[in-house]
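A short worksheet on the structure shown next.
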Amino acid sequence: MEDQKIPEKIFSPTSVLTLGHARVEITPPIGIYHRMWGAARHDQATGVHRPMYADLLILENSEGQERVVRLQLDLVLLSNVQTDAIAQSVANVADVCRERVLVTYSHSHAAGFFLPDRIPLSGGELIEPYLDSLRTNVEQLTREASENMQSVIVMYAYGRCDVAANRDYRDEARGIFVTGYNPHEDADDTVISARVSDAQGNHLLSVVHYACHPTTLAWDNSLLSPDFVGAMREVVQRETNVPCVFFQGACGDLGPKDGFTGDTDVADRNGRQLGFAALSALASLGPSGTDFTYSGPVKSGATIGTWEWSPFDAQRMADTMRWEGRFCTVDLPFRTLPTANELQSDLSHYSQAQKKADEVGDLQAARDAGALAERCRRWLARLVDLPEGKMFPYRYSVFQFGDAVWITCSAEPYNALIRELRDRFPKLVILLSPIAGDSMLAYLLPKDRYGLGLYQEEPSCLGPGCLEKLTDDMAKVIENITGNVSITSK
């Protein structure tokens, strides 16, 4: 009797869990403090490019337990105090502890800048009322999502999009690094699209995960905007007729190839390009709960090898239901930080220089001095929130949902973090979203990028080795909760 071998299968990365989703528009009022860019000459928002949204996902295991909440906001970032207030409002309604509410941001630099030190500035009087309304909105979102809980199957697919480019460009003529399109270094072009379906296979929700700074719109733009994320959502939603949620990726050294403009058409073009890439990935998915399986030869003009989508067996289904999560802290080294006295002195100097340049009509000098003054303000705000000591307790979360791992982490790591994790765990789909707290830390650079004069080092609180230590710590956690052995550990 001929041996019956197990047919070859291409596994469809899948998570089976319980999920509820709700969305609300959170576009701030016109006139609110807006200026995110040091080079901008306006303070207040003058209009709206596209609406901004909050998406709230309540996630539970297949048995309806171990609840965790993910709140995704179309904002650039908030302080820890502001974020905690919003997260606690969600936690109270969702009946979970604060730790189990993960708040992430699309990071659009055109969404308005609402940190506490902006409240005294023009338009800042609208910040606290806006954040109060945001808390009320997310409380209602939590109630709605709780009412929508159901068993879902999440299937993941990879796509490619070159909107994002490496942005550490060496200006050889001037002997400096600038933050802008670097055509000489490859950038991560990975798109992960996720289709969320109910038990009957009906498409309920799409998730698009992509790493790119939303910095298409810059200092010449005074409109409130989600940047490229808005047009991306519109493209995906128009085709699928279901909501699309954007998850930002590790983009510390990535930004739009075509960006730093006041032209909203460019932001929309970038968004459409990403949207079509995301749709292409979604279109590659088979039916929910199936793997692509070799089904044998068929004799025709040639002998054809046929494949089909085969339903999960009991073991495969059990694997996709695996659920494990960790909330983690790792101590990362500070670098040498400026003092408050030094910053106050520099701020006074640059503010006076800006005023004098404006008085004589030197717009370039005024803009440059204003940008340097803005850097001082941001550093002063960072110092208020930093703990004493030589190490910072850096926070992140890791959750295994079946074949996928969802990670959130603080501040803005370079893209090398996710590329290294993907290399170490090629069998897992990894979605890593930064800016989930501790925004005052700014960037986490690879150790060989320090000391070169890159912009990202200037606002960063952490020193060389921080990204490598974080990568190793995350890899250990992924190994522990998934049972997958890191390739570098073999």
Side-chain angles (χ1 to χ4, degrees), residues 11-24 54-72 86-104 137-156 194-207 209 242-245 247 285 287-290 311-328 396-408 428-431 433 436 477-478 480-483:
F11 290 120
S12 304
T14 300
S15 306
V16 175
L17 45 82
T18 306
L19 180 145
H21 168 256
R23 167 180 286 175
V24 68
D55 285 286
L56 188 136
L57 303 175
I58 299 179
L59 307 166
E60 296 175 347
N61 64 19
S62 57
E63 297 176 350
Q65 300 172 343
E66 302 291 332
R67 173 174 287 194
V68 65
V69 183
R70 173 80 175 262
L71 176 62
Q72 174 68 31
I86 292 170
Q88 190 60 58
S89 295
V90 172
N92 293 341
V93 177
D95 194 25
V96 296
C97 65
R98 160 65 184 94
E99 184 181 46
R100 300 189 75 83
V101 179
L102 307 172
V103 183
T104 55
N137 280 331
V138 299
E139 287 173 356
Q140 181 58 32
L141 278 188
T142 310
R143 296 185 189 98
E144 292 177 14
S146 297
E147 295 170 358
N148 296 331
M149 300 295 290
Q150 61 182 305
S151 178
V152 300
I153 299 176
V154 187
M155 295 182 69
Y156 306 86
R195 185 187 68 203
V196 182
S197 303
D198 64 16
Q200 291 73 45
N202 300 306
H203 192 173
L204 303 175
L205 180 72
S206 304
V207 175
H209 178 67
V242 299
C244 173
V245 180
F247 285 177
L285 292 169
S288 293
T290 64
F312 293 165
D313 60 22
Q315 183 58 56
R316 180 77 178 99
M317 181 62 75
D319 290 342
T320 64
M321 291 181 177
R322 288 195 62 182
W323 172 291
E324 184 73 34
R326 301 277 176 84
F327 300 94
C328 309
Y396 67 93
S397 72
V398 179
F399 277 84
Q400 180 187 14
F401 304 140
D403 301 325
V405 173
W406 291 23
I407 301 173
T408 64
L428 296 172
V429 175
I430 303 178
L431 290 76
S433 295
V477 174
I478 294 172
N480 289 338
I481 71 173
T482 69

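Here the structure is a predicted model, which means the values were calculated and not measured.
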N/O donor-acceptor pair under 3.5 Å between Thr18 side chain and Asn61 backbone: yes
Nearest-0.5 Å distance, OG of residue Ser197 to CD of residue Gln150: 10.0 Å
Value rounded to 0.5 Å, distance of CG in Leu431 from OG1 in Thr408: 11.5 Å
Only pairs under 3.5 Å count here: list side-chain donor-acceptor contacts from residues 320-327, not counting sequence neighbours, and write none if there are none.
from: Thr320; atom 1: OG1; to: Met317; atom 2: O; distance (Å): 2.7
from: Arg322; atom 1: NH1; to: Thr482; atom 2: O; distance (Å): 3.2
from: Arg322; atom 1: NH2; to: Ile481; atom 2: O; distance (Å): 3.3

Nearest atoms (heavy-atom pairs only) where Val103 meets Ala87: CG2-CB, 3.9 Å
Nearest heavy atoms of Ala436 and Thr104, plus distance in Å: CB-CG2, 3.9 Å
Short side-chain to backbone donor-acceptor contact, Asn148 and Glu144, under 3.5 Å: yes
Least distance between heavy atoms, Val242 atom then Ser206 atom: CG2-OG, 3.9 Å
Close side-chain approach of Val154 to Val196, heavy-atom, < 4.5 Å: yes
Step-by-step side chain to side chain contact (heavy atoms under 4.5 Å, CB included) determination, Ser288 to His203: CA-CA 9 Å; Ser288 293; His203 192 173; over 6 Å; no
Atom pair CG/CD1 of Leu102 and Ile407 - distance to nearest 0.5 Å: 12.0 Å
Side chain to side chain contact (heavy atoms under 4.5 Å, CB included) between Asn92 and Thr142, intermediate numbers included: CA-CA 10 Å; Asn92 293 341; Thr142 310; over 6 Å; no
Minimal non-hydrogen separation, Ala404 against Ser15, with atom names: CB-OG, 3.8 Å
Arg316 and Asp403 ion-paired at < 4.0 Å: yes
Chi angles and distances behind the side chain to side chain contact (heavy atoms under 4.5 Å, CB included) call for Leu285, Ser12: CA-CA 8 Å; Leu285 292 169; Ser12 304; 5.9 Å; no
Rounded distance (nearest 0.5 Å) linking atom OG of Ser151 with atom CD of Gln200: 9.0 Å
Under 3.5 Å donor-acceptor, Arg100 side chain and Asp95 backbone: no
N/O donor-acceptor pair under 3.5 Å between Arg70 side chain and Asp55 backbone: no
Check: Phe399 and Leu59 side chains under 4.5 Å, non-hydrogen atoms: no
Sub-4.5 Å side-chain heavy-atom contact between Leu19 and Leu204: no
Side-chain (Arg67) to main-chain (Val96) donor-acceptor, under 3.5 angstrom: no
Criterion side chain to side chain contact (heavy atoms under 4.5 Å, CB included) on Glu99 and Ser397, from CA distance to verdict: CA-CA 10 Å; Glu99 184 181 46; Ser397 72; over 6 Å; no
CE on Met149 to CG on Leu17, rounded to 0.5 Å: 8.5 Å
Minimal non-hydrogen separation, Gly289 against Met155, with atom names: N-SD, 3.9 Å
Beyond-backbone contact of Leu71 with Ile86, side-chain heavy atoms, under 4.5 angstrom: yes
OH on Tyr156 to OG1 on Thr14, rounded to 0.5 Å: 8.0 Å
